[in-house]
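Everything on this sheet refers to the single structure shown next.
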There are 2 protein chains.
Amino acid sequence: MLTIGTLGKKTGTKVQTIRYYEEIGLMPQPGRTAGGQRRYDETQLDRLSFVRHARQLGFSLDAIRELLDLSDDPNRPCHEADAIARRQLIQVEQRMARLEALQKELKRMVHECSGGKSSDCRVLEVLRDHSECLTEHEEIGA
Amino acid sequence: MLTIGTLGKKTGTKVQTIRYYEEIGLMPQPGRTAGGQRRYDETQLDRLSFVRHARQLGFSLDAIRELLDLSDDPNRPCHEADAIARRQLIQVEQRMARLEALQKELKRMVHECSGGKSSDCRVLEVLRDHSECLTEHEEIGA
DNA sequence: GATTGAACCTCTAGTTGCTGGAGGATGTAG
DNA sequence: CTACATCCTCCAGCAACTAGAGGTTCAATC
């Protein structure tokens, strides 16, 4: 029987986050002591590990919910999980492409900074005039 | 004299977002018509363009506030802006490194998926057991 | 059995950067 | 002068947590 704190330590999750996962239905309601404290077992530890690992891979909580549903029912076809992972991969690759463009732009800004007064600052100048950009970077929000 | 809608179109910003920037003090309070509608001039258009461009480059609103302060005072030293841009560059590079690791892991998951039932799914299996990961990916939140 | 102190409980509110909607006023073209 | 697109304010909500207040419980030590 694990306390919520122990579960948190084992999975690298804050206690509040575990309670939050319970609140939104990602984690089941655990058993309680007579005094009302949560007690967990190995099954729940596994589930939380799964959730955390998927989060580290960048899956949204919604995607994780789908993956958990799949995982709970061993007869459902594998390609559903595969599709979710593929979607995630595409997102990751898109984000990388965008970051690469930004990196280029930022490097250029920083390298051209002369070290004088802000009125001559290359960084500020580039920000002022979008037309100076070498690369496209339209979408906001990584 | 530009309406808020025109300003939005010219900068690719939603009307609510402009009002939000005003609320948090990123944009100045514009003039108003007798009836209370906002009217903008070229200066404000430039400022909003600056903000949006910086957002596209991934700067936080706080960082943009700093950059705007610098920009407003031409005598302040350039290296402050440079430092902000450098910080941003480092963040971008860190994010890219993380995404690369995730991409690797996801590719591996997806390629090994056999197409059978979810009980044999490689994707779910990897998520279940972190020890199968080839790369490190600890932090959550891109 | 009593006491201590860490860890637990619920509840509320805040974070970032917006976005959407309700319900109503205004501005402009025909 | 009448449409009706656009504007106004205010409130609520999104993801995915995080932090804190104010109070209780558990387990170990004496």
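Lettering of chains follows the sequences in order, A, B, ..., and the numbering in each one begins at 1.
At least one side-chain nitrogen or oxygen of B/Arg55 sits closer than 4.0 Å to the OP1 or OP2 atom of C/dC18. Contact annotation: B/Arg32 side-chain N/O to C/dG27 OP1/OP2 distance is not under 4.0 Å. Taking only side-chain nitrogens and oxygens, A/Tyr21 never comes nearer than 4.0 Å to OP1 or OP2 of D/dA16. Not one side-chain nitrogen or oxygen of A/Thr33 sits closer than 4.0 Å to the OP1 or OP2 atom of C/dC8. Remark: A/Arg39 is not in phosphate contact with D/dT25, judged by side-chain N or O atoms under 4.0 Å from OP1 or OP2.
Protein atom CG of A/Leu26 is 12 Å distant from nucleotide atom C1' of D/dC17, rounded to whole Å. For B/Ile24 and C/dT15, the CD1 to P distance is 12 Å, given to the nearest whole Å. Between the C1' atom of D/dT9 and the OH atom of B/Tyr20 lies a distance of 17 Å, rounded to the nearest Å. B/Asp62 has its CG atom 7 Å from the P atom of C/dT16, to the nearest Å. Distance, A/Gln56 CD to D/dC17 P: 11 Å, rounded to whole Å. One can place CD of A/Glu23 at 10 Å from C1' of C/dC11, the figure rounded to the nearest angstrom. Rounding to whole angstrom units, CG of residue A/Leu61 and P of D/dC17 are separated by 5 Å.
Where B/Gly35 and B/Phe59 each meet DNA chain C at their nearest nucleotide, the meeting point lying more 5' is that of B/Phe59.
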Trace of the side chain to side chain contact (heavy atoms under 4.5 Å, CB included) decision for A/Arg38 with A/Thr3
CA-CA 6 Å; A/Arg38 291 168 179 81; A/Thr3 65; over 6 Å; no
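Counted by atom type alone, A/Gln37 and A/Arg39 present one or more donor-acceptor pairs between their side chains at under 3.5 Å.
Across every non-hydrogen atom of A/Ala63 and A/Ile84, the tightest pair is CB-CG2, 4.1 Å.
The side chain of B/Gln37 lies closest to D/dC8 when the candidates are D/dC17, C/dC18, D/dC8. Side-chain proximity of A/Arg38 to C/dC9, C/dT28, D/dC17: nearest is C/dC9.
Within the 3.5 Å criterion, the main-chain N or O of B/Ala97 finds no donor-acceptor partner in the side chain of B/Glu100. No donor-acceptor distance shorter than 3.5 angstrom exists from the side chain of A/Asp69 to the backbone of A/Asp72, with no hydrogens or angles considered. At distances below 3.5 Å, at least one donor-acceptor pair connects side-chain atoms of A/Arg47 with backbone N or O atoms of A/Leu26. Listed for the A/Ser71 side chain is no donor-acceptor partner under 3.5 Å among the backbone atoms of A/Leu67.
DNA chain D lies under 4.0 Å from at least one heavy atom of each of the following residues of residues 2-19 of chain A: A/Lys14, A/Gln16, A/Thr17.
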